[in-house]
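Inspection log for the structure reproduced underneath, given as structure tokens.
Starting from 1, each residue takes its place in the sequence as its number. Each ligand, and each atom within it, is numbered from 1 in the order the structure gives.
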Amino acid sequence: MNFELLKTELASLTRGLKEFVQYQRRLGLQQVEGALPGARPQSKPAPEQTRETPAVLSLEEIRQEMGDCRRCKLWRTRKNLVFGVGSPQARLMFIGEAPGEEEDHQGEPFVGAAGQLLNRMLGKLTLTREEIYITNVIKSRPPGNRNPDAEEIAACRPFLLKQIQAIRPHIIVTLGAVATHALLDTKAPLHRLRGNWQQWQGIPVMPTYHPSYLLRVPQERIKTWEDMQQVMARYRGQPD
Ligand code: URA
């Protein structure tokens, strides 16, 4: 028997097992069912760390979990996965629909024409992209900028929810119908929802029009401006 080989294989197995257990712990698993007889029992899990309520992952961990995502068909045509940008401690989070051509190219949300309009609005509100967090429901570009389909939204939505849980913003602004419907799980028309505070898991959500729509219909910009006045009143009124 080759003991050296056996030793190397055992060491590699142990390392793999250790990494697996650490990963499971990060997800909140405290004890393995059917553990070996005689194994020392672990201390009682904290109530917030049980398997039913997995630990909140950091943005880096969520990005790692997505990896080279192939959970829907969009991976075939995308250049870059567009995860999100801004502060992991942002108190204000913007959620758009999906990357366009420029975002796909640069790997960053809202850097094309719609992004420039969003930047102008942020500037007027004296907000910087560094203090907020910007992401999309869909992280890969739908070809030809078509609307994402239900299957694509279902595949990506869990990652958006994890991003929100990681950041725990005080306020969320959803840009356009796709983001609003995907987050709030409603089909109510955007013109009814916009300008009215909604909620997602206790976080106030302000739905408003998407910058791409405002590029096409500039006379509606005033409405988004008014929606953002409500957002800013709340944002500035809250202690840091
Ligand atoms: N439109 C979006 O919804 N998101 C982007 O990142 C760019 C355009």
**Full working for side chain to side chain contact (heavy atoms under 4.5 Å, CB included) between Leu127 and Tyr235** = CA-CA 11 Å; Leu127 286 167; Tyr235 183 64; 3.5 Å; yes
**Message:** Between Lys139 and Thr135, is there a side-chain donor-acceptor contact under 3.5 Å, judged purely by atom types and distance?
**Reply:**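 Note: Thr135 and Lys139 side chains meet the donor-acceptor criterion.
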**Request:** Examine the side chains of Arg192 and Thr186 and answer whether a donor and an acceptor come within less than 3.5 Å of each other.
**Result:**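 There is no such pair (donor and acceptor under 3.5 Å, judged by atom type) between the side chains of Arg192 and Thr186.
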**Prompt:** Hey, which of Cys69, Pro143, Pro99 is the one that makes side-chain contact (heavy atoms from CB on, under 4.5 Å) with Arg78?
**Reply:**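 Filter result, single survivor: Cys69.
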**Short N-O contact, Lys73 and Asp149, less than 4.0 angstrom** =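 Salt bridge present between Lys73 and Asp149.
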**Asked** Taking C-beta and beyond as the side chain, do Gln229 and Leu125 meet within less than 4.5 Å on heavy atoms?
**Response**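 Yes. Closest side-chain heavy atoms under 4.5 Å.
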Nitrogen or oxygen contacts under 3.5 Å, ligand 1 side and protein side:
unit_1: ligand 1; atom_1: 1 (N); unit_2: Ala98; atom_2: O; d: 3.4
unit_1: ligand 1; atom_1: 1 (N); unit_2: His210; atom_2: NE2; d: 3.3
unit_1: ligand 1; atom_1: 3 (O); unit_2: Glu97; atom_2: N; d: 2.7
unit_1: ligand 1; atom_1: 3 (O); unit_2: Ala98; atom_2: N; d: 3.3
unit_1: ligand 1; atom_1: 3 (O); unit_2: Ala98; atom_2: O; d: 3.4
unit_1: ligand 1; atom_1: 3 (O); unit_2: Asn136; atom_2: OD1; d: 3.4
unit_1: ligand 1; atom_1: 3 (O); unit_2: His210; atom_2: NE2; d: 2.7
unit_1: ligand 1; atom_1: 4 (N); unit_2: Ala98; atom_2: O; d: 3.0
unit_1: ligand 1; atom_1: 4 (N); unit_2: Asn136; atom_2: OD1; d: 2.7
unit_1: ligand 1; atom_1: 4 (N); unit_2: Asn136; atom_2: ND2; d: 3.4
unit_1: ligand 1; atom_1: 6 (O); unit_2: Phe110; atom_2: N; d: 2.9
unit_1: ligand 1; atom_1: 6 (O); unit_2: Asn136; atom_2: ND2; d: 2.9

